[in-house]
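Working notes, beginning with the structure itself.
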Amino acid sequence: MTHENDKTVATVPPGGTIGILGGGQLGRMIALSAARLGINAHIYCPDPNSPAFDVTPRKTVAAYDDLAALSDFAGAVDVVTFEFENVPAETAEFLSARTCLRPNALSLAVAQDRLREKTFFRDRAIATAPFADVSSETDLLEAVDAIGTPAILKTRRLGYDGKGQRRIETRQQAADAWQALKRQPCILEGLVNFTSEVSLVLARGVNGETAFYDLAENRHENHILRRSVVPAGLASDCTRRAREIGETLLADLDYIGVLAIEFFVVETRSGSDIPSQKLLVNEIAPRVHNSGHWTEAACPTSQFEQHVRAICGWPLGSSERYFDVRMSNLLGAEADGWADVAAQADCIPHLYGKSETRDGRKMGHITQILRNGVDIVERN
Ligand code: AMP
């Protein structure tokens, strides 16, 4: 295993080049932040129409298993990072052997596999929804008996935005769910009756320095992030626990770069009947995250710049927040209203330059400054 904090990789200075696997909006925003620090970005993506290609002349259009192209890419950059967690393990290993991959292959491997991820949490006494390994229909029935219903069957790999998931309301629905997910290795998770969903975006630099952004409260629609409001309005012991969990994960993954952790907030009642909040980790993303887009409008150092700083061995920047914010995604045709958005005071638009509009496709986002703070309307 490569140890990323052994300082064997020199700092990438201005004029150096970072390589980014993936050419979506996250890669584009990382590249834009790199440019502000005088650092070049080289995007590697199989899709020639990738939005990140528009912001840098350095590009490779090739498959993730094209070893010749990967080898040239590794030779052209000082450090490699990625904007999506489903980078094939072989690609990560191939690049790790030739250049410095940040975050490391271990972080990718843990985040790519829901069973490995949940087990990683459990081994560290980090609370999650109850879960069980499911490799056959018999396993599934046993898991349903142990966990109960309702529950959610999720493929171990390649699920995102609700894809690769089936809700199971009764034991009788188990066989159908197993067929629907094509009998792939899965986990069964108990359904969490959460009061809200929050996320923590945090970073670790090469010297083990860490930075935390304020927690965001996230609202999803059709499994896609609709909006994030900051601050999340959690009790201070919950915020402390979220940071503790973050510290543990960063250290144990030997992590370099920006990491996002998604949590369910559940209300528990003790004997005294006074409700208190508890956090369950849902999943981690070893990359910059949609729920951290507000940082570009509200913090001295955005999550994108923080990621570039971390992977380039720079000191981390301030993650202080200037004001309360609400970030809303512009999905599909919503981005056609760009002129109205641009005319609104206290609304900071960011459009991704995607040529094709599709229903539910993330076309941009807006960050609204809430000068009077967050009220109940903003949270809904
Ligand atoms: P995931 O792909 O695991 O992040 O799931 C996407 C969304 O589905 C989450 O943000 C939740 O809103 C919901 N969800 C996932 N797992 C659970 C669970 N165990 N209990 C309740 N809701 C869940």
Side-chain angles (χ1 to χ4, degrees), residues 24 26 84-86 107-108 110-122 126-134 140 143-170 173-174 177-178 180-182 184-201 215-230 232 234 242 245-246 249 259-268 277-293 327-329 331 360 362 379-380:
L26 300 179
F84 69 113
E85 56 272 42
N86 290 319
S107 307
L108 265 175
V110 169
Q112 278 177 359
D113 178 347
R114 290 187 192 276
L115 180 62
R116 189 158 175 195
E117 187 182 35
K118 290 269 179 345
T119 307
F120 197 84
F121 301 147
R122 187 174 56 196
I126 296 171
T128 66
F131 69 95
D133 180 9
V134 172
L140 177 56
V144 168
D145 290 341
I147 290 173
T149 53
I152 306 181
L153 186 65
K154 299 181 176 181
T155 56
R156 280 176 60 175
R157 294 182 169 274
L158 298 174
Y160 68 97
D161 288 348
K163 295 189 176 62
Q165 300 192 9
R166 283 289 179 286
R167 199 169 147 140
I168 297 178
E169 302 290 345
T170 62
Q173 291 174 355
W178 179 241
L181 295 184
K182 304 203 168 58
Q184 296 172 69
C186 283
I187 62 168
L188 186 75
E189 259 182 49
L191 192 80
V192 177
N193 187 14
F194 56 79
T195 50
S196 64
E197 292 185 81
V198 300
S199 59
L200 173 65
V201 174
L215 285 157
E217 181 179 336
N218 304 320
R219 181 69 51 104
H220 296 88
E221 270 172 29
N222 303 321
H223 295 280
I224 296 173
L225 183 68
R226 182 74 261 186
R227 57 119 195 84
S228 298
V229 171
V230 194
L234 284 193
I245 291 170
L249 295 178
L259 173 76
I261 310 175
E262 294 186 60
F263 299 92
F264 298 127
V265 182
V266 290
E267 214 167 82
T268 55
Q277 294 173 323
K278 188 177 172 211
L279 291 178
L280 303 182
V281 174
N282 175 24
E283 62 181 4
I284 57 171
R287 54 170 171 79
V288 293
H289 196 255
N290 195 168
S291 69
H293 288 2
M327 187 289 304
S328 307
N329 277 332
L331 302 176
K362 292 174 183 168
R379 291 210 184 279
N380 287 303

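Atoms within each ligand, like the ligands themselves, are counted from 1 in listed order.
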Practice task
Check each atom of ligand 1 against the heavy atoms of Glu283 and keep those under 4.0 Å away; list them by number with element.
Solution key: 1 (P), 3 (O), 4 (O)
Fill in the blank from the handout: ligand 1 to Phe194, heavy atom cutoff 4.0 Å, flagged ligand atoms 12 (O), 21 (C), 22 (N)
Exercise for the section: Under 4.0 Å from a heavy atom of Gln165: give me the atoms of ligand 1 that qualify, with their elements. Expected result: 1 (P), 2 (O), 3 (O), 5 (O)
Exercise for the section: Have a look at ligand 1 and work out which part of Asn218, if any, has a heavy atom under 4.0 Å from it: side chain, backbone, both or neither. Expected result: neither
Exercise for the section: Mark yes or no for whether Ser196, through its side chain, and Val265, through its backbone, hold a donor-acceptor pair below 3.5 Å. Expected result: no
Handout entry: Between CZ on residue Phe120 and CG on residue Leu249, distance to nearest 0.5 Å
Key = 6.5 Å
Handout entry: Sub-4.0 Å heavy-atom approach of Gly190 to ligand 1
Key = yes
Problem - Ile152 N/O under 3.5 Å from ligand 1 N/O - result: no
Exercise for the section: Quick one: pull up CZ in Arg227 and OG in Ser291 and give me the separation to the nearest 0.5 Å. Expected result: 11.5 Å
Problem - side-chain contact (heavy atoms from CB on, under 4.5 Å) partners for Arg156, two or more places apart - result: Asp113, Leu115, Asp133, Pro185, Ile187
Problem - Option nearest atom 11 (C) of ligand 1 (shortest heavy-atom distance, choices His220, Glu197, Lys154, Lys163) - result: Glu197
Handout entry: His223 neighbourhood, listing ligand 1 atoms whose heavy-atom distance to it stays under 4.0 Å
Key = 6 (C), 7 (C), 8 (O)
Exercise for the section: Using the test ring-ring contact (aromatic ring centres under 6.0 Å, His included), find all partners of Phe84 that sit at least two apart in sequence or belong to another chain. Expected result: Tyr64
Practice task
Would you check the N or O atoms of Glu189, main chain and side chain alike, for any that come under 3.5 Å of an N or O of ligand 1?
Solution key: yes
Fill in the blank from the handout: ligand 1 to Leu191, heavy atom cutoff 4.0 Å, flagged ligand atoms 20 (N), 21 (C)
Exercise for the section: May I ask you to decide if Glu262's main-chain N or O and Ser199's side chain share a donor-acceptor pair within less than 3.5 Å? Expected result: no
Handout entry: Heteroatom proximity flag, Ala129 to ligand 1, N/O under 3.5 Å
Key = no
Completion exercise
Output for pair (Lys154 NZ, Arg114 CZ), nearest 0.5 Å, gives 4.5 Å
Problem - Within-4.5 Å side-chain heavy-atom neighbours: Ile168 and Leu140 - result: yes
